[in-house]
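Here's the structure, in structure tokens; my notes come after.
Labels below follow one simple rule: chain letters A, B, ... track the order of the sequence lines, proteins then strands, and each chain is numbered from 1. Computation of the quantities below employed the complete heavy-atom set of this structure, encompassing side-chain atoms and omitting hydrogens, waters and symmetry-equivalent molecules.
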Amino acid sequence: MTDIERLKKELNPEQYKTVTTIPGPLLIIAGAGSGKTRTITYRMAYMLNKGIPQSSILALTFTNKAAKEMSERVKKITGKKLINLTVSTFHAFGVKILREDIECLGFRTNFSIYDQADKIALIKNTARELKIDPNTLDLYSLASIFSLIKTDIAKWNSTTEVYKNIYEEYIEHLRIYNAVDFDDLITLPVKIFNQYPDILEKYRERYKYIMVDEFQDTSRVQYDLVKLLAEKSRNICAVGDDDQSIYSWRGADYSNILQFEKDFPEVAEIKLEQNYRSTGNILEAANQLISNNKNRKTKELWTGIESGNLIEIYYPENEQKESEFIADMISYLKKKDNIHYHDFGILIRTNSLAAAIEDALLGAGIPYKVSGGTSFFQRQEVKDIIAYLRVMTNPEDDVNLLRIINTPRRGMGKKSIEYINSVAENKKCSLFSAICAICVAGDSALGDKTKASLQEFLNLINFFKARFLSGKNMAKTLEEFVSNIDYWGFLVNEYQKNEKLAKWKYKNVQIFTDLLARWETDPDNIKPDIYQYLNRITIITRDDIEDNEDGKVNLMTIHAAKGLEFDIVFLAGVEDTIIPHARAIEENETNIEEERRLFYVAITRAKNKLYITACKQRRYLKDTIEPKPSRFLVELPQSLLKNCEEKSVDDKEKLMKMFEGINAIFKK
DNA sequence: CGTCTCCAGGTTTTT
DNA sequence: CCTGGAGACG
């Protein structure tokens, strides 16, 4: 059978067309469960088989997980080694460009990347320097204003204007610290491309075929980046679904789809509307729900799969009962239908809902994994260690230096730090240089003890710096380093009343070391160095490091579940104020459509069975609230729902369990 | 001057 | 519930 024949057999006509439409711009509107990933991986394989070199292909995805999955699938289909194929997230791609070409903007290639926490810390320090009391500022919203400004989504207005000087100072600090924030990972490459046509040309020559997945979630700047690259070759394939746009709060703008049609008028458009994932009932409910959104490209998903089960809705007393219900139901279904743990997905709107559910799963002895939440690399203990590495690789990095200057405690209090700061300001140099200067000059403003302590700190950094930069045995070096600073002793001391916590934190540090070891010995890793590693880990989330551990129930936010599917899905906390989220609506009434899309994404993750729970009572911070069931429940076709009283379920379940017990006895 | 202890306040989603 | 800041001790 020829390749073409095989493709025709394995794909539906639209998918086939998608795979084989190679030169020129292509827009694919791919509904939930329409075999999107499969189709685009086939498309890449098809390109490779046609003789397009790996190095000419750039595939941009939304998460590292998706990137990994995509390249693995392509590898499997083609059976080729994929050394030169670029499949990455926008941010990782941005890092790649900056590592190569950031110098033209006045940064050095050993730049640090600041995540949200670093960014907030920097804004705070900046405000302090400007003699503005950080306590009077909402740093969190300031951070988001800065993002909007930087990515050109918003302009300064009468309310935000007052922060302009902090913003400008913030930008200046980044430059001085040789650091970039997440937004820079996209905006700086665009800046380079606009200012240096020869560099742009280089990338255009390199990446002649571009694919963008989750196109509805690209931001304006991300689109600009892609457009700049693709304008000449015009071989660009964008795949998206406006109904699944759930990241507008992060600058995603699904009107990019319209813009794309304008910028590439010769575009071919294909709609993938057959759903291969969900039962008829689930799909119908999803279709019905999303039809309430006014702002969408019309599209009707259909499925050949039978109607299947009704969607079951439960109203537990409180979040504890809810969690127990989920745990019990999982145990029950696992036994009854022999469903694997990894075929269950528990989806939640906010991370805070995870705690109660984790408790119940733990109590029931159900193995689970949580994705999302604070990334492993954002945990303080891990960040501490990373901060040391950052300072060693980039001494200008004041934010990270401040993080470690007194961690573990070495007698550097507020006063000493203030003094170092003043020296740095006078000399117009980094804190690190200021410390060097103080030590060399034998500065008398500080006590001998403090000075000795600073000197020791410098020695420590310099000693290990050389070893890390050599790029050899980094994990081993790190292990030594951690024991050298006696981080364990530090933790024990910090958490005297909670030894368990200290142990857990230390464990994370060890895991971090192990990860480094694994990374540096990975044969696929051509040239491992500490810079690369540091860049990598700031733009990675926790799921990316956990291998696909099978045999575990998946607990995650709806956002994190995008692109995934589960046999059985539990949707917990389906209450007004949670989904739709009170804050989202508060912010802007029109956000309701995005909340609805979020709910839509959640529903369409389910293949066979969907359980929805809405608590009658819920603890929120200190008090107990009585939420109403989500308004979205009313939008679902009532004929597809089965409203279940929690009590009767409990009883039913107990009965079932009893039956099983009896059966088991008989079988013996 | 640094560290420890206690108390108030705060969380939507994430690269 | 956990973090971070302000005030008391050593």
What is the distance, rounded to the nearest whole Å, between atom [atom1] of [X] and atom [atom2] of [N]?
X: A/Y140; N: B/dT13; atom1: OH; atom2: P; result: 7 Å
X: A/N351; N: B/dT14; atom1: CG; atom2: P; result: 5 Å
X: A/N125; N: C/dG5; atom1: CG; atom2: P; result: 11 Å
X: A/D115; N: B/dT14; atom1: CG; atom2: P; result: 14 Å
X: A/L454; N: B/dG2; atom1: CG; atom2: P; result: 11 Å
X: A/E586; N: B/dT13; atom1: CD; atom2: P; result: 15 Å
X: A/L564; N: B/dT14; atom1: CG; atom2: P; result: 13 Å
X: A/K124; N: C/dT3; atom1: NZ; atom2: P; result: 14 Å

Please identify each residue that fulfils side chain to side chain donor-acceptor pair (under 3.5 Å) with [X], with sequence neighbours left out.
X: A/Y114; answer: A/D397
X: A/T624; answer: none
X: A/R403; answer: A/D384

Here's a test of your reading of the structure: between A/L598 and A/G411, which maps to the more 5' nucleotide of DNA chain B?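 The residue closer to the strand's 5' end, by nearest nucleotide, is A/G411.
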
With nearest nucleotides of DNA chain B determined for A/G413 and A/T89 from heavy-atom distances, which residue corresponds to the more 5′ nucleotide?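 Looking at the nearest nucleotide for each, A/G413 comes out on the 5' side.
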
For [N] and [X] - does any side-chain N or O of the residue sit under 4.0 Å from the phosphate oxygens OP1/OP2?
X: A/T350; N: B/dT11; result: no
X: A/Q116; N: B/dT14; result: no
X: A/T63; N: B/dT14; result: no
X: A/N591; N: B/dT13; result: no

ring centroid sep under 5.5 Å plus plane angle under 30, A/Y247 with B/dT14: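 Ring-base stacking flag not set for A/Y247 and B/dT14.
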
Of the candidate nucleotides C/dT3, B/dC1, B/dT13, which contains the atom at the shortest distance from the side chain of A/S416?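 The listed nucleotide nearest to A/S416's side chain is B/dC1.
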
Please identify each residue that fulfils ring pair (Phe, Tyr, Trp, His ring centres under 6.0 Å) with A/F93, with sequence neighbours left out.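 If we apply the ring pair (Phe, Tyr, Trp, His ring centres under 6.0 Å) test to A/F93, skipping adjacent residues, the hits are A/Y207.
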
Residues two or more places apart in sequence or in another chain: which of them pass salt bridge (charged side-chain N to carboxylate O under 4.0 Å, His left out) with A/R250?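 With sequence neighbours excluded, A/R250 shows a salt bridge (charged side-chain N to carboxylate O under 4.0 Å, His left out) to no residue whatsoever.
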
Filter on salt bridge (Lys or Arg N to Asp or Glu O under 4.0 Å), then keep only pairs touching residues 88-102 of chain A, sequence neighbours left out; what's left?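 Non-adjacent pairs meeting salt bridge (Lys or Arg N to Asp or Glu O under 4.0 Å): A/R99-A/D529, A/E100-A/K202, A/E100-A/R206, A/D101-A/K202.
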
Dump the pairs, protein N or O against N or O of nucleotides 4-10 of chain B, anything under 3.5 Å, distances to one decimal.
residue	atom	partner	partner atom	Å
B/dC4	OP2	A/R409	NE	3.4

Answer yes when A/E494 and A/K505 have at least one side-chain N-carboxylate O distance shorter than 4.0 Å, and no when they do not.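 Looking at A/K505 together with A/E494, the answer is no, because their closest N to O distance does not fall below 4.0 Å.
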
Less than 4.0 Å between a side-chain N and a carboxylate O, is that true for A/K150 and A/D181?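 Salt bridge flag = yes for A/K150 with A/D181.
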
How far apart are the C-alpha atoms of A/R390 and A/T538, what are their side-chain angles, what is the distance that settles it, and do they pass the side-chain hydrogen bond (donor to acceptor under 3.5 Å, both in side chains) test? CA-CA 11 Å; A/R390 283 246 180 256; A/T538 20; 3.2 Å; yes

Below 3.5 Å between N/O atoms, which protein atoms pair up with nucleotides 6-10 of chain C? Just atom names and distances, please.
residue	atom	partner	partner atom	Å
C/dA6	OP1	A/N135	ND2	3.4

By the ring-ring contact (aromatic ring centres under 6.0 Å, His included) test, which pairs, at least two apart or in different chains, include something from residues 572-606 of chain A?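 Of all non-adjacent pairs touching residues 572-606 of chain A, those that pass ring-ring contact (aromatic ring centres under 6.0 Å, His included) are A/F599-A/F632.
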
